[in-house]
Asker: 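Handing you this structure, nothing more for now.
Side chains included, hydrogens not; waters and symmetry mates left out as well; all remaining heavy atoms used. Remember, predicted model here, so these are calculated numbers, not experimental data. So you know, we letter chains A, B, ... as the sequences are listed, proteins then strands, and number each from 1.
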There are 2 protein chains.
Amino acid sequence: MDLEQADRDRLNRFLDTIRDRTGSFLGYPVSKDFDYKDLFEFFKYPLNNLGDPFTPSTWKVDTREFEREVISFMAGLFRAEDDNFWGYVTNGGSEGNLYGLYLARELYPKGVVYYSQDTHYSVSKNLHLLNMRHIMIRSLANGEMDYGDLLETLKIHRDKPAIIFANIGTTMTEAKDDLIKINAILQELVITEHYIHSDAALCGGLAPFIEPRAAFDLADGADSISVSGHKSFGSPIPCGILIAKKDNVARIARSIAYIGSLDTTITGSRNGLTPLFLWYTIKKLGMNGLKKRVMHSLDIAEYTEKRLIDAGINAWRNENAITVVFPQVPAGIREKWQLATADGKTHLICMPNVHKDQIDEFLYDINNSR
Amino acid sequence: MDLEQADRDRLNRFLDTIRDRTGSFLGYPVSKDFDYKDLFEFFKYPLNNLGDPFTPSTWKVDTREFEREVISFMAGLFRAEDDNFWGYVTNGGSEGNLYGLYLARELYPKGVVYYSQDTHYSVSKNLHLLNMRHIMIRSLANGEMDYGDLLETLKIHRDKPAIIFANIGTTMTEAKDDLIKINAILQELVITEHYIHSDAALCGGLAPFIEPRAAFDLADGADSISVSGHKSFGSPIPCGILIAKKDNVARIARSIAYIGSLDTTITGSRNGLTPLFLWYTIKKLGMNGLKKRVMHSLDIAEYTEKRLIDAGINAWRNENAITVVFPQVPAGIREKWQLATADGKTHLICMPNVHKDQIDEFLYDINNSR
């Protein structure tokens, strides 16, 4: 049996459409400069990284040895203690956030979750799913958490464990909540029962390479971190990496042991290709290559901000951000470059694949629209 | 930058290992006769089926039009009412089960979940995650739910909405809970507030093609169904399809509308390749091709059962099951054929790619082991 010609033609036309659409977006935090041709042969096998990457399995058609190497590499990037990390490759940043919050709930069933109003909407979905008590904290103008509001709010709830959901790069302005400031507040109020999860969907792949280093990782006081794989690293399939402290996961494992499962992941069957993509990118680029990509993004972001300001547009960006924010631009331009817009603000994200000529073309469109 | 030769060699060796391991398994419900070469070009683009497949999105690098066709096809297979279905392609059967239970909880926050002791362990994880009250029901010897125990248990809890988690093919013996019997019990006890979710991970792709048709789908009283894509259909990436009633999902959508999101899926970023795989398989095989695969599996299962019985082994299978169950076999054989074993029982699953010569070789090993 084979595909009918009409279906085959449709697929070919669709491939052209996808190629065009990929060519012209500047508004989403997704790298498109990946090339996994070398791995195409693996697409012929039913890979499945069943269950926990660190426990043995009778099922052998998996890439869990590569997954463990990816986890170790990321644990290093996020400055985990040498023998106290655990993690797995998730289906995306959201699953990592869900896992972090789940872990926090298991450790502190009576805890309250604090998160800023600039937090991604999927987090509210997760909190609803997990049935966790939560309080939204105001944001500062740049998108960062309002630490004053956090302090005042925590003061009222000192009797409850505090679960802080920190944004390490908000969706709209790439603002980073500062774990040093957050920890100082927790200390001031002597809230010793606390858990901090860093949602580093975009910046988890950028911040480790930028000086001064943002305060976001395990050495800065985070208990778990979620980062996307298809954002800064690049992948044809959404994926992510969750890193948590092994001793915390061991406690959660005990709490679910009564159900007779040692599987501490959220899903059972897991993608075996995405760990291979991530491994390939890490090996191919190495620390130097990864850093170079980030520096390129920063250069382009600086260039974009400057060109927009020179054109009389009120553009700005957070410190060391690759996201440039400016007042809402006309619909035709937003459509062409697939630019997200909210509350009168449009943003452009200078992912590693963005080059000056694209920015120039975008500026040409902007100038022509006036 | 490029991969070092040592890494490249390692990948090549690993590919050989995966090829070998795939060749020799008979114990997992995973089809391996897929061929998606025609779709390899799509692996070059950052596909992402962001959010709900049925609502518009500014992000355009997606395959949501194909996803909607897959959902329509599956809704037809599962006899949904013409204009009352919704669904999406998930990351696997577990996510579909989580979604079904989540939907049930939103509709009946005070509901109690009933599920048999043969239920997959991931369901207990899901119930724990969702914080839902639950009662495990005894199983019959064949793995089916003990309807007598269900009746007695429901009698005691007639004041609570009943959420039934039905197995349409248990992991170990492929037993199918009967929705007609379950509905009769609910009617007898006049429990009008009820929800039935069918976990049809394996059999969702088989049962629609087998007569007499098992009672498991929306026309039989299910409110939602989860089926795996990598099991009966085949895929190099774990995936699944969740089908639910549109009016129920509309109610859940209202309940999460206050969080400002119209996204009714669980994850945000979603795989764009797996809907394309499923679409391709459906188009390539069509109803006839899909049915032929199932009939082949049934033939092989009958052959396997007979050959084992002829060899003096106490093999059996549930009605119209492709899973053959027999007393535990020696470790060497279990290892070679990657056969799952629990409670002294081993099973062999006759997926569409299994052929008589493999069964003959397996029987040869069995006979030689005595």
Asker: Only pairs of heavy atoms separated by less than 4.5 Å count here; which of B:Glu335, B:Arg105, B:Glu4, B:Arg334 has the most with chain A?
Answerer: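 Looking at each of B:Glu335, B:Arg105, B:Glu4, B:Arg334 in turn, B:Arg105 comes out on top.
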
Asker: With only heavy atoms counted, which part of A:Leu39 is less than 4.5 Å from chain B, the side chain, the backbone, both or neither?
Answerer: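 Only the side chain of A:Leu39 comes within 4.5 Å of chain B.
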
Asker: At a heavy-atom distance under 4.5 Å, which candidate from A:Leu129, A:Asn131, A:Asn48, A:Asn271 has the highest pair count against chain B?
Answerer: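 Between A:Leu129, A:Asn131, A:Asn48, A:Asn271, the count favours A:Leu129.
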
Asker: Let me know if B:Ser228 has heavy atoms under 4.5 Å from chain A in its side chain, its backbone, both or neither.
Answerer: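 Neither the backbone nor the side chain of B:Ser228 comes within 4.5 Å of chain A.
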
Asker: Just by modelled atom types, is the B:Val61 backbone N or O under 3.5 Å from a matching donor or acceptor in the A:Arg21 side chain?
Answerer: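 No, the answer is negative, given that no donor and acceptor are paired below the 3.5 Å cut-off.
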
Asker: What part of B:Asp35 is in contact with chain A, defined as an atom under 4.5 angstrom from a non-hydrogen atom: side chain, backbone, both or neither?
Answerer: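 The answer is neither part of B:Asp35.
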
Asker: Quick one: do A:Asp38 and B:Arg8 make a salt bridge, cutoff under 4.0 Å?
Answerer: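 Yes, charged N to carboxylate O under 4.0 Å.
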
Asker: Of all the heavy-atom pairs spanning B:Ser31 and A:Pro46, show the shortest one and how long it is.
Answerer: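 B:Ser31 and A:Pro46 have their closest heavy atoms at O-CB, 4.2 Å.
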
Asker: Does the ring center of A:Phe43 lie less than 6.0 Å from the ring center of B:Phe40?
Answerer: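 Yes; B:Phe40 has its ring centre under 6.0 Å from that of A:Phe43.
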
Asker: For A:Thr22, is it the side chain, the backbone, both, or neither that has a heavy atom closer than 4.5 Å to a heavy atom of chain B?
Answerer: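 Both backbone and side chain of A:Thr22 come within 4.5 Å of chain B.
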
Asker: Heavy-atom pairs under 4.5 Å with chain A: which of B:Phe25, B:Tyr280, B:Tyr28 has the most?
Answerer: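 When all of B:Phe25, B:Tyr280, B:Tyr28 are compared, B:Tyr28 has the most.
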
Asker: So which heavy atom on A:Lys60 is nearest to which on B:Gln338, and how close?
Answerer: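 Taking every non-hydrogen atom into account, N-OE1, 3.4 Å.
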
Asker: Pick whichever of B:Leu273, B:Val30, B:Leu11 has the most heavy-atom pairs under 4.5 Å with chain A.
Answerer: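 Of the candidates given, the most pairs with chain A belong to B:Leu11.
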
Asker: Any chance you could measure A:Ile237, atom CD1, to B:Leu47, atom CG, to the nearest 0.5 Å?
Answerer: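 The CG atom of B:Leu47 is 9.0 Å from CD1 of A:Ile237, to the nearest 0.5 Å.
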
Asker: Picking from B:Trp59, B:Tyr36, B:Trp279, which has the most non-hydrogen pairs under 4.5 angstrom with chain A?
Answerer: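 Heavy-atom pairs under 4.5 Å are most numerous for B:Trp59.
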
Asker: Who wins among B:Asn97, B:Leu130, B:Leu276, B:Thr274 for the most heavy-atom pairs under 4.5 Å with chain A?
Answerer: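 Of the candidates given, the most pairs with chain A belong to B:Leu130.
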
Asker: Name the member of B:Arg19, B:His230, B:Glu41 that forms the most heavy-atom pairs with chain A at distances under 4.5 Å.
Answerer: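 The option with the most such pairs is B:Arg19.
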
Asker: With rounding to the nearest 0.5 Å, note down the distance linking NZ in B:Lys37 to NZ in A:Lys44.
Answerer: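 Between atom NZ of B:Lys37 and atom NZ of A:Lys44 there are 6.0 Å.
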
Asker: Can a cation-pi geometry be assigned to B:Arg10 and A:Phe66, taking NZ or CZ under 6.0 Å from the six-membered ring centre and within 45° of the ring axis?
Answerer: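 Verdict for A:Phe66: a cation-pi partner in B:Arg10.
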
Asker: Could you tell me if the side chain of A:Tyr102 sits less than 4.5 Å from the side chain of B:His128, heavy atoms only?
Answerer: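 With C-beta onward as the side chain, the pair touches.
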
Asker: Looking only at heavy atoms, which two atoms of B:Phe14 and A:Asp62 are closest? And how far apart?
Answerer: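 Here B:Phe14 and A:Asp62 meet closest at CZ-O, 3.1 Å.
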
Asker: To the nearest 0.5 Å, what is the distance between NZ on A:Lys231 and OG on B:Ser269?
Answerer: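 Atom-to-atom, A:Lys231:NZ and B:Ser269:OG are 5.5 Å apart.
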
